[in-house]
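In what follows, every chain begins at residue 1, and chains take the letters A, B, ... in the order their sequences are listed.
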Amino acid sequence: MSELTIIGTSPADPLNPDYPLELPPLPEPDDFVAESGEFFTRQRNLSGRVIPLSWSRRPKATADALRQMFDQHRNGGFVSFHHIENDRYFSGNLRGLRVSQSRYEGWDISATFYEQAGRALYAYPSNWARDAVFMEERDDYGNDLVKLIAGWTWFPSNGERHGAGTYQTNVQLAAAEWNYLGYGFRVWSIKHPSLGLFAVLLDGVLLDWQDLYAPASQISSPVYTRQNVPLGLHRVQLICTGEKNPLATGYAVEADAIEVMR
Amino acid sequence: MPRPMPAGLTSIYKRRGGFAPVWLVDVQLPNGVIYYIASHTGVYPTRLGAGPTAAYKPWLRSCGPFRTTRSLRTDAGDLTIQNISGNTIYSDTVAALRNEWEGALIIVRRWKRELDATTWEMHGFATEPRLGREYITVRMLQLMDPSDVDGLPETYQESCSWRFKSAQCGSMGTAATCPKTAAACADPTRNARPRFNGLSKPPVVKNAPPYLPPRKLYYSDDPRFQGEVY
């Protein structure tokens, strides 16, 4: 598996590029600015990061190793790049390799690492506090970010829910869907004595059922985590199962927010 | 009459952010082979083939612009497909083009991911495939070209052209034959006047006064005065 071919296996790896190396964000969406000055965006590019790499004044052995790796995986292969400082792995391809000798036994190498969507990662990102963003049920303009199927009711936040509020339903098979570009995700919700069970699906595949029952009300927190997901455009569905914990007093579930790894 | 839009489309487009729609192209060659090509890879519902879904290959480089006209005569657009992927002998697209693409049925759809629905669709047939080093361009023309229709299906004449008691005629009368005139069609034994497709002459009014040219105006004491004044 190509993700086992790693550029930067450890801090002592001679193939580590020059640091500090700032990680660029995922591809930005296309912006449209109306005459009023309001922004509208559409995400068209669904690929990964484009990371410029450089190796300055390296021995020839490093240049040869990089050249060989580049040739080995240029046709239908991919490699992993380990960003040592952020401790994150990316799968993709090296392109545009340039090797030149700058001095005696000093070689300058440059290349661009193109992260590819859909590729397995050597290790999946797990720093939720630093690298994840929230997707609420509504944007800041009040438009729904979540696609709702069947009867959902809006409840403004009472301090326990994440963001401005949440959607709630007790209709069996009612679904809430989010589309996002990223890696793994976490589902946030309150827990309450009156809440039931919901099913979590990723890209149409059932992952698990989650029980939102708790003896006492708990503020919104991650109730389900799926970390090992390759980069791509994903769809998360929360479906009201119409079932509950025997101790629960109701069947309702909530679509509060999801946290997606970027 | 406006095209109906999928339910929920308005709420999707109201959002300040979102994902660009996907172009889906279903191509059915004259030999029956079907290709599924899109601007973004994924599994989507199909319009051709057994379906209900298929894995679309991300070969589509650009789609359109499409021009549509009221007369339908010049509705057309271009599709550009990548010609890079493949093996050392054939690119993927050229391998597909080894079959005849001229006249292939093409259905182009603009698919909105958040809605799981099509917001625009056009049916056409392929023509003029042009091979380039990196791209292949296919011209897509509309299915119906009014200029291909050879005139009118029947001639306009004074008598009816329908066969008597055919489905077009619709006569349920007792007459066995019909002289194909308007009067005969209206006859109670035929009673199919609404279906009569001949051009009737204007009706002749019996005992109508003949046409007289306007008379000159004379004063009554004029020796040329002959009678009434008009």
Chain B contact via F40(A) - which portion, at a heavy-atom distance below 4.5 Å: both
Residues D131(A) and R262(A) bridged, charged N to O under 4.0 Å: no
Contact origin within Y180(A) toward chain B - heavy atom pairs under 4.5 Å: backbone
Test ring-ring contact (aromatic ring centres under 6.0 Å, His included) applied to W120(B) and F66(B), step by step: CA-CA 11 Å; W120(B) 184 85; F66(B) 290 95; 5.2 Å; yes
Over all atoms of both residues, closest heavy-atom pair of L26(A) and R49(A): CD2-NH1, 3.5 Å
Winner by heavy-atom pair count (cut-off under 4.5 Å) against chain B, out of D203(A), N45(A), N179(A), D140(A): N179(A)
R119(A) to F78(A) six-membered ring, cation-pi geometry met (6.0 Å, 45°): yes
R138(A) versus chain B, the contacting section by heavy-atom distance below 4.5 Å: neither
Which portion of L148(A) sits near chain B, non-hydrogen atoms under 4.5 angstrom: neither
Salt-bridge present (R44(A), D30(A); N to O < 4.0 Å): yes
